[in-house]
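See below for the structure under consideration.
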Amino acid sequence: MERSALVYVFLTLVTVGLALCVDNRKELQPALLGRRMYGEQAGLSRKGARNLVAEFAIYALLTGVAACRIAVGNDYWVYRDNFKLIAQDRHVSSESGFNLIVRCMVELFGYDNYLPIFALFSIVTVFFFVAALHYMGEHYAFSLFLLLTGGYYFHSLNSVRYYLALAIALFSMKYVLSAQYGKFVLLIVAGALFHKSVLLVIPVYLTARFLASVKLKVWHYVVGVLFLLSLVFGQEFYRAVIFKFYPYYEGSVFDNGQVSYVNIGKCLATLLLSLICYRKVLKDNQVYKFYFYLNLFGLVAYCCGSFIPEVSRIGYYMIISQVFLLPGLVKNMEKGWFRKLCTIGVIGAFSLYFVMLLRDMYAVDVRLLPYLNWIFN
């Protein structure tokens with residue numbers, strides 16, 4: 001592993017260390033409910049100031065690494081070419097919102113000045129990631145650790161449009177959990193202006209929220225079984241719908257029927273831990289049940305959706321909820337050796353995944369390493 005990989009390692013260690021200074025537990029529930037806690041004093045407390053400084057430092061570090069990159073990512077130069085095509089008013093496959101922003105940036109900074117464009121999208125993407133942690137990260141440092149070692153942040157240096165949509169989807173869970181469904185839908189529609197696949201989360205997140213709030217009956221299971229059967233026997237129908245939105249994916253290198261065994265393993269392990277903690281943590285907690293159902297939906301997508309091009313990206317909209325679910329499950333266990341074992345297991349598994357991720361970053365279809373930036377390179 002060459003030296004520039006240490007940038008990612010140190011970034012993870014430093015930001016998680018800073019996150020240990022963030023204590024937003026008393027602010028979390030009022031934020032989810034969309035109101036102020038009764039008796040809460042107006043103004044910024046000492047703890048609030050400490051949280052603000054730590055979170056700003058985390059945001060600045062994550063944004064700095066992302067915004068200052070150059071030639072990082074297998075599609076970096078593809079995006080640069082697309083920027084030029086958009087500036088020339090030529091056809092590109094990207095969505096209208098993305099194209100409009102690129103045109104505005106070209107007007108401001110000049111033709112083929114691509115560094116500010118990448119920087120802008122990095123600034124916005126990281127903002128939504130950090131804002132999601134602020135409002136929903138009950139165990140802030142643990143959630144940030146999973147966000148980083150799970151690869152969600154680092155892969156955002158690639159696939160610019162998709163990871164902006166993913167960050168918006170993660171943040172939008174705040175509005176689902178606080179039953180502000182109008183704001184949720186408007187935010188996702190705005191996100192679809194950059195990557196229309198994010199529209200999928202509207203029915204998925206609302207279904208998960210509904211299931212988390214009701215006691216399951218026989219007809220719920222019947223509908224679930226029928227949907228699974230439709231994924232097995234109705235693949236041609238689903239593919240026809242998908243290719244209406246993404247016709248250029250049909251027969252492409254992404255349309256390969258590949259099964260993501262690593263993500264299936266992550267979903268199964270999370271499901272097992274959820275079942276172990278069901279009575280203690282999940283049974284009467286609609287927030288964690290919402291995350292649980294999203295993880296379950298992700299497992300279904302990975303097991304039965306290999307016919308979907310880039311199914312991993314579809315699944316990420318659901319399993320990214322693990323960054324909140326896993327810390328909640330572990331931290332709400334009864335204190336003892338089993339809780340310590342589960343904590344070590346989760347941290348160890350994601351650390352190992354991070355090491356494998358770093359190793360794979362040199363692959364030609366990833367190219368997140370070596371890390372270069374326009375300040376020193």
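Quick note: numbers below take in every heavy atom, side chains included, and nothing from hydrogens, waters or symmetry partners.
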- Centroid separation Tyr153 to Phe129 less than 6.0 Å: no
Here the pair of heavy atoms bringing Leu372 nearest to Ala71 is CD1-CB, 4.5 Å
| task | Return the orientation label for the Phe171 and Tyr175 ring planes: parallel under 30°, perpendicular over 60°, tilted otherwise. | result | perpendicular
Please tabulate, for the side chains in residues 266-276, all donor-acceptor contacts under 3.5 angstrom to protein atoms that are two or more places apart in sequence or on a different chain.
residue, atom, partner, partner atom, Å
Thr270, OG1, Lys266, O, 2.8
Ser274, OG, Thr270, O, 2.8

| request: Report the relative orientation of the aromatic rings in Trp219 and Phe210; use parallel for angles under 30°, tilted for 30 to 60°, perpendicular for over 60°. | output: tilted
Next on the checklist: Could you check whether atom CH2 of Trp374 has more than 12 heavy atoms from other residues, nucleotides or ligands sitting under 6.0 Å from it?
Outcome noted: no
Per side-chain contact (heavy atoms from CB on, under 4.5 Å), Ile86 is matched among Leu100, Asn99, Asp81 by Asn99
Kindly indicate whether a cation-pi arrangement holds for Arg313 with Tyr162, taking the cut-offs as under 6.0 Å to the six-membered ring centre and within 45° of the axis.
yes
Aromatic rings Phe184 and Tyr205: how do their planes relate, parallel, tilted or perpendicular, breaks at 30° and 60°? parallel
| query | Could Lys283 and Tyr278 be counted as a cation-pi pair, given that NZ or CZ must be under 6.0 Å from the ring centre and within 45° of the axis? | reply | no
Here the pair of heavy atoms bringing Val130 nearest to Leu62 is CG2-CD1, 4.2 Å
Closest non-hydrogen atoms of Leu369 and Ser4, given as atom of the first, atom of the second and distance, are CD2-OG, 3.8 Å
- Before giving the answer on side chain to side chain contact (heavy atoms under 4.5 Å, CB included), spell out for Ile314 and Tyr302 the whole-Å C-alpha distance, their side-chain angles and the decisive distance to 0.1 Å. CA-CA 9 Å; Ile314 298 300; Tyr302 287 121; over 6 Å; no
Looking at Asp112 and Arg80, does any basic side-chain N land under 4.0 Å from a carboxylate oxygen? yes
Query raised in the report: For the ring pair Phe194 and Phe98, is the centre-to-centre distance below 6.0 Å?
Result: no
Compute whether any side-chain donor of one residue and acceptor of the other, for Asn74 and Asn158, lie under 3.5 angstrom apart. yes
Check Arg339 with Glu334, please: is the shortest side-chain N to carboxylate O separation under 4.0 Å? no
With a 4.0 Å cut-off, would you call Arg103 and Asp89 a salt bridge? yes
Parallel, tilted or perpendicular: which one describes the rings of Phe118 and Tyr76, with boundaries at 30° and 60°?
parallel
On a heavy-atom basis, the closest approach of Ser156 and Arg69 is O-NH2, 4.4 Å
| request: Check step by step if side-chain hydrogen bond (donor to acceptor under 3.5 Å, both in side chains) holds for Tyr288 and Glu138. | output: CA-CA 11 Å; Tyr288 290 149; Glu138 183 178 358; 2.3 Å; yes
- Would a 4.5 Å heavy-atom cut-off, applied to side chains only, mark Leu11 and Phe154 as touching? yes
### Any donor-acceptor N/O pair, His155 side chain to Tyr152 backbone, under 3.5 Å
no
request  = Determine whether more than 12 heavy atoms belonging to other residues, nucleotides or ligands lie under 6.0 Å from atom OH of Tyr181.
outcome  = yes
Are His195 and Glu95 linked by a side-chain donor-acceptor pair shorter than 3.5 Å? no
Tightest non-hydrogen contact, residues Ser321 and Leu294, listed as OG-CB, 3.5 Å
